[in-house]
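Here's the structure, in structure tokens; my notes come after.
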Number of protein chains: 2
Amino acid sequence: MSAQKKHFEHHLSYVLAAAHRSINQSLTERLKKHGIKIEAWRVMECLDAGERLTMGELADRALLNPPTLTKLVDRMVLDGLVHRKVADEDHRQINLLLTSLGRIRMIQIRQEVDAQDQSLADVLDTTSIDMLREALAKLC
Amino acid sequence: MSAQKKHFEHHLSYVLAAAHRSINQSLTERLKKHGIKIEAWRVMECLDAGERLTMGELADRALLNPPTLTKLVDRMVLDGLVHRKVADEDHRQINLLLTSLGRIRMIQIRQEVDAQDQSLADVLDTTSIDMLREALAKLC
DNA sequence: TGAATTTAATTTCCAAGTCAAATATTTTGA
DNA sequence: TCAAAATATTTGACTTGGAAATTAAATTCA
């Protein structure tokens, strides 16, 4: 009958935060070997995906606020991973591009992320992961 | 046949980060009316759940690193929401306790969180939410 | 017992994030 | 055409978060 709520840990926002924290911690640990942060990896994957992206589009896809992205990109430029190019059509925009070093490093890092995905497969079967992905996507 | 991976947005770590960001943003917005942060709400719910908690236990449950918790608690003490009490048995430990103001404010805030949960029900049915919760729990 | 070790919480210091304002460019419409 | 409004990004002041060091108390065991 009556659904008992009681524990605040049942709130989706809590479970989501907990899972995110846990996954992020283990991924952060893995990427530490490569001297890179998850956010920087996301930026590189976004750039590798093909289309030229402006800082704004990139911020959306890499899940970062624009000022945060600007500062992260400053560091990535120093590290030689990306470079800025003023967009041809609209000079207010910046197209961010992967350097060849950036691409190489990204591919190495991608293997690390794939390894983490593999280890997730031990705890959740493929169907569950697909359902999970689908459900999470609806929340955005 | 061949499962195409291609888009890095399919990584669980990405979908999870995206969903977390989205939910957190809307909840942060709601809680802004109450002048409180999600983390502080979690702390209050943990304290309300019954047992006396030490800072360490609290940090685990509220999903915060100990130094972050200490600083958050400093602010919450200033706001009159909680107070520190040195534990009887072990004087190294601190038991954090809700003040009556803290409890009142927590209950108001809980309604806001419940409202957000309601609005999630519009996008995901009960069964999906249960599955989601269960799958996420396994990731921790 | 009491010196050495372990544990809990906090502090310190620095790196990174946020908000609002500033800058530069493009677009609008009088 | 050109001043005003809108848009993209960055900057700057301030706050927050994290790793490692510090403090204080409890535990171990020689």
Side-chain angles (χ1 to χ4, degrees), chain A residues 17 20-22 24-33 35-43 46-47 51-79 81-97, chain B residues 17 20-22 24-29 31-33 35-43 46-47 51-79 82-97:
Chain A
H20 177 249
R21 175 178 163 88
S22 161
N24 246 36
Q25 278 176 344
S26 75
L27 190 51
T28 299
E29 190 56 36
R30 281 174 185 277
L31 298 196
K32 206 164 275 176
K33 305 182 193 62
I36 204 145
K37 298 205 309 176
I38 299 178
E39 289 77 12
W41 169 68
R42 283 206 301 256
V43 166
C46 288
L47 297 179
E51 344 144 47
R52 293 213 157 172
L53 294 180
T54 65
M55 293 295 278
E57 292 162 339
L58 190 53
D60 283 345
R61 301 204 196 176
L63 313 174
L64 298 167
N65 296 332
T68 306
L69 177 61
T70 291
K71 287 162 188 172
L72 173 58
V73 166
D74 287 347
R75 288 172 243 138
M76 294 176 75
V77 168
L78 285 177
D79 292 343
L81 301 173
V82 296
H83 64 97
R84 289 179 163 100
K85 183 182 172 310
V86 173
D88 299 326
E89 344 73 60
D90 186 334
H91 287 195
R92 291 169 304 181
Q93 299 182 344
I94 297 291
N95 288 134
L96 197 66
L97 303 166
Chain B
H20 178 249
R21 176 177 162 89
S22 161
N24 247 36
Q25 278 176 344
S26 74
L27 190 50
T28 298
E29 190 56 38
L31 298 196
K32 205 164 277 174
K33 306 182 193 62
I36 205 146
K37 298 204 308 176
I38 297 177
E39 290 78 12
W41 168 69
R42 285 207 300 256
V43 165
C46 289
L47 296 178
E51 346 144 46
R52 292 212 158 173
L53 294 179
T54 65
M55 294 294 278
E57 294 163 338
L58 190 54
D60 284 345
R61 301 203 196 178
L63 313 175
L64 297 168
N65 297 331
T68 306
L69 177 60
T70 291
K71 291 163 194 171
L72 174 58
V73 166
D74 288 346
R75 286 172 242 140
M76 293 175 76
V77 168
L78 285 177
D79 292 344
V82 296
H83 63 99
R84 288 179 164 100
K85 180 179 174 312
V86 173
D88 299 325
E89 345 74 58
D90 186 336
H91 287 197
R92 289 170 305 181
Q93 299 183 352
I94 298 290
N95 287 134
L96 199 67
L97 303 166

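Heavy atoms only: backbone and side chains are in, while hydrogens, waters and symmetry mates are out. Letters go in sequence order (proteins before strands), and every chain restarts at 1.
Computed from coordinates, the A/Met76 CE to C/dA16 P distance equals 13 Å when rounded to whole Å. Atom C1' of nucleotide C/dT26 and atom CD of A/Glu89 are separated by 12 Å, given to the nearest angstrom. In this entry the distance linking CG of B/Asp60 with P of C/dA8 reads 10 Å, nearest Å. Put simply, CZ on A/Arg75 is 10 Å from P on C/dA15, counting in whole angstrom units. At whole-Å resolution of the value, CG in B/Asn95 and C1' in C/dA8 are 12 Å apart. B/Glu29 has its CD atom 14 Å from the P atom of C/dT18, to the nearest Å. Straight-line distance from the CD1 atom of A/Ile94 to the P atom of D/dT11: 10 Å, rounded to whole Å. The CG-P distance, from A/Leu69 to C/dT18, rounds to 11 Å in whole Å.
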>> Can you build the contact string for nucleotides 18-25 of chain D? Use B for base contact, S for sugar-phosphate-only contact, and - for no protein heavy atom under 4.0 Å.
In response: BBB---BB
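The salt bridge (charged side-chain N to carboxylate O under 4.0 Å, His left out) test applied to B/Arg84 returns B/Asp74, not counting sequence neighbours. The salt bridge (charged side-chain N to carboxylate O under 4.0 Å, His left out) test applied to A/Lys37 returns no partner, not counting sequence neighbours. Residues forming a salt bridge (charged side-chain N to carboxylate O under 4.0 Å, His left out) with A/Glu29 (at least two apart in sequence, or on another chain): A/Lys32. A/Asp90 pairs by the side-chain contact (heavy atoms from CB on, under 4.5 Å) definition with A/Arg92, A/Gln93, not counting sequence neighbours. Looking at residues two or more places apart in sequence or on another chain, you find a salt bridge (charged side-chain N to carboxylate O under 4.0 Å, His left out) between A/Arg30 and A/Glu112.
Once rounded to the nearest 0.5 Å, the distance linking CG of A/Leu96 with NZ of A/Lys85 reads 12.0 Å.
At least one side-chain nitrogen or oxygen of A/Thr54 sits closer than 4.0 Å to the OP1 or OP2 atom of D/dT9. One finds no side-chain N or O of B/Arg84 lying less than 4.0 angstrom from the OP1 or OP2 phosphate oxygen of C/dA8.
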>> Before you tell me yes or no, could you show the steps for B/Glu39 and B/Arg75 under salt bridge (Lys or Arg N to Asp or Glu O under 4.0 Å), namely the whole-Å CA-CA distance, both residues' side-chain angles and the distance that decides it to 0.1 Å?
In response: CA-CA 12 Å; B/Glu39 290 78 12; B/Arg75 286 172 242 140; over 6 Å; no
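Comparing A/Asp74 and A/Gln93 by the nucleotide of DNA chain D that holds the closest heavy atom to each, the one mapping nearer the 5' end is A/Gln93.
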